[in-house]
There are 2 protein chains.
Amino acid sequence: MKTQLSPDRDLSAQIAEAIRDAIVSGQLIVDARLPSEAELSDTFGVSRPTVREALKRLAAQSLIRTRRGATGGAYVNRLSYDEAYGQQITTSTLLLSMNEVDFHTACEARFAMERACVALSAQRRSADHLAAMRAEVHRQSQPGLSDESFCASDVAFHRALVDGAGNPVLSYQLAGAVEAMQPLMNMITYSARPREQIIHLHTTLTDALENGDAAQAETLLTELEQITQMLGETTLQARAKAKG
Amino acid sequence: MKTQLSPDRDLSAQIAEAIRDAIVSGQLIVDARLPSEAELSDTFGVSRPTVREALKRLAAQSLIRTRRGATGGAYVNRLSYDEAYGQQITTSTLLLSMNEVDFHTACEARFAMERACVALSAQRRSADHLAAMRAEVHRQSQPGLSDESFCASDVAFHRALVDGAGNPVLSYQLAGAVEAMQPLMNMITYSARPREQIIHLHTTLTDALENGDAAQAETLLTELEQITQMLGETTLQARAKAKG
DNA sequence: ATACAATTAATTGTCTGACAATTAAAATCG
DNA sequence: CGATTTTAATTGTCAGACAATTAATTGTAT
């Protein structure tokens, strides 16, 4: 662990960086215990508050966890898929909202990525995945469902589709991306007619995966994208009209 | 901003959460200035070090930036694509290394996602993208190139391919994913024969994009994946042999 | 000897108060 | 009016203290 600090940059940031490097490079392995705050103060030649600020930076990225008490201290955290999702989602969500990504771009990206794993899903999806998808389709066809709930169910449907590919890396990347786009997708108002269309496409898509027909599944996803794009456009136009 | 803190959880974590919520929900907009540390201490009823730990947590996620001086303070940060990349890459890299994702899975995910945008690239790639790709192919054919450099150039090539899709969301998601897999891809040793094959596929792939032939581009990517998978397997077998 | 209780030590969490460094604005002076 | 100095506000860092928590150790009674 590098202990040479330059005095002109934030000390806590440099210390956090040094420890992060040690973790990423494998010098500090999972569940390894870091020196106590007092020891770190000594080795880096800074005060304990400064060390603590550094440790909080790392804790914010789920790189370490801390525990009080006799055998307490800071331990290198095994980054779980769930934690990683969470961070990716907040990051992506902020990125999309702050940089004013338009609906069209977000939608295009989402469906492009989904098409990426539909071929694998057609080969590997389990009965559980198909059941989960059909369950969501059923929920979507319930009368009186709010737009938000319909949208949430839509996400769950696509999540099952993605998980069907049986590749955790793909699931991780896509789930993060799809969830991050939720705020944008949530702007849509789903009236009765498009809901019918979407539900029909979802049903057919599930059938296609059951039959291992990847090509048809891709075509159906493209159709879904077109409907979604149209709905988004309509919604935006309606808003612009209400505004002006 | 919620100021009600429960005494049994980390105060700095709760404060960070409260401010983060205010940012994500839009109560605090980009470039808004947070109250000074002294003011935050008062409103939350905690000491300044505690407030500072909370702010460092947010800074670690690039949610705020701080500046010293008269008009200094903590400001809500506009998350840039670069910062978001950086965070996604460290998170994904750690996730892959700590959870022992195998080469096959990582490789499959990478190429699946690349196929996701090749269709768009075939439509939209500019002359600049094609030029960048050809430049990397040229570098790859230089004699005496180290495996690591070859690999880095490979990433640059695929990065140009992805950017060619002209969708910043797609670029962001994919660039992060591809870079995170670098440590795994770097294990490969590229001997002369596979290099030739790869370079040939890269050239043909560039041509396909230039001609707008999406179908052929996808096929070529699949061939590239097969070669990469084979190389990975060979490398791993060689390592296992050397070990045992 | 064993089960249970009290003590102890190590460690993080928090507070107080102080001073240094930095920065922009305000005041001063030529 | 322009350049320089002063001032005020703010973050960065430090030192020392005490509270809270936790596990190990010690002590004690059965």
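Below, read A as the first sequence line, B as the second, and so on, with proteins coming before strands; counting in each chain starts at 1.
- Residue order along DNA chain D, read from the 5' end via each residue's closest nucleotide, puts B:Gly72 first among B:Gly72 and A:Ser12.
- Distance CD1 (B:Ile64) to C1' (D:dT11): 11 Å, rounded to an integer number of Å.
- Between the C1' atom of D:dA20 and the CZ atom of B:Arg9 lies a distance of 17 Å, rounded to the nearest Å.
- B:Thr90 places a side-chain N or O within donor-acceptor distance of the main-chain N or O of B:Gln87, the cut-off being under 3.5 Å.
- At least one donor-acceptor pair closer than 3.5 Å links the side chain of A:Arg124 to the backbone N or O of A:Ala165.
- Within the structure, a side-chain polar atom (N or O) of A:Thr66 is placed less than 4.0 Å from OP1 or OP2 of C:dG13.
- Side-chain polar atoms of B:Asn167 and A:Thr105 form no donor-acceptor pair below 3.5 angstrom.
- For A:Glu53 and B:Ala70, each mapped to the nucleotide of DNA chain D holding its nearest heavy atom, the one lying further toward the 5' end belongs to B:Ala70.
- Remark: of the listed residues A:Arg159, A:Arg110, A:Arg139, A:Arg110 is the sole one forming a salt bridge (charged side-chain N to carboxylate O under 4.0 Å, His left out) with A:Asp154.
- Within the nucleic acid shown, A:Arg33 comes within 4.0 Å of sugar-phosphate atoms alone, with no base atom in reach, counting heavy atoms only.
- At a cut-off of 3.5 angstrom, counting only N and O atoms as typed in the model, there is a donor on one side and an acceptor on the other between the side-chain of B:Arg48 and the base of D:dT13.
- Nearer the 5' end of DNA chain C, as judged by each residue's closest nucleotide, is the contact made by A:Gly73, out of A:Gly73 and A:Pro49.
- At D:dC14, one or more side-chain N or O atoms of A:Thr50 fall inside 4.0 Å of OP1 or OP2 (strictly under the cut-off).
- Taking atom CZ on A:Arg65 and atom P on D:dT22, their separation rounds to 15 Å, with Å as the unit.
- The phosphate of D:dC14 (OP1 or OP2) has a side-chain N or O of A:Ser47 nearer than 4.0 angstrom.
- Look at CG on B:Asp42: it is 12 Å from P on C:dC15, rounded to the nearest Å.
- When distances are taken from the side chain of B:Arg68 to each of D:dT10, D:dG12, C:dT12, the shortest belongs to D:dG12.
- Counting only distance, with no hydrogens or angles, the side chain of B:Glu53 and the backbone of A:Arg52 share no donor-acceptor pair below 3.5 Å.
- The side chain of A:Arg67 contributes no N or O atom lying less than 4.0 Å from OP1 or OP2 of D:dT22.
- When rounded to the nearest whole Å, the span between CD1 of A:Ile15 and C1' of D:dG12 equals 12 Å.
- Following rounding to the nearest Å, B:Leu34 (CG) and D:dA9 (C1') show an atom-to-atom distance of 16 Å.
- Rounded to a whole Å, the CZ atom of A:Arg52 is 7 Å from the P atom of C:dT14.
- One interatomic measurement links the two molecules: CD of B:Glu37 to C1' of D:dT11, which rounds to 5 Å at whole-angstrom precision.
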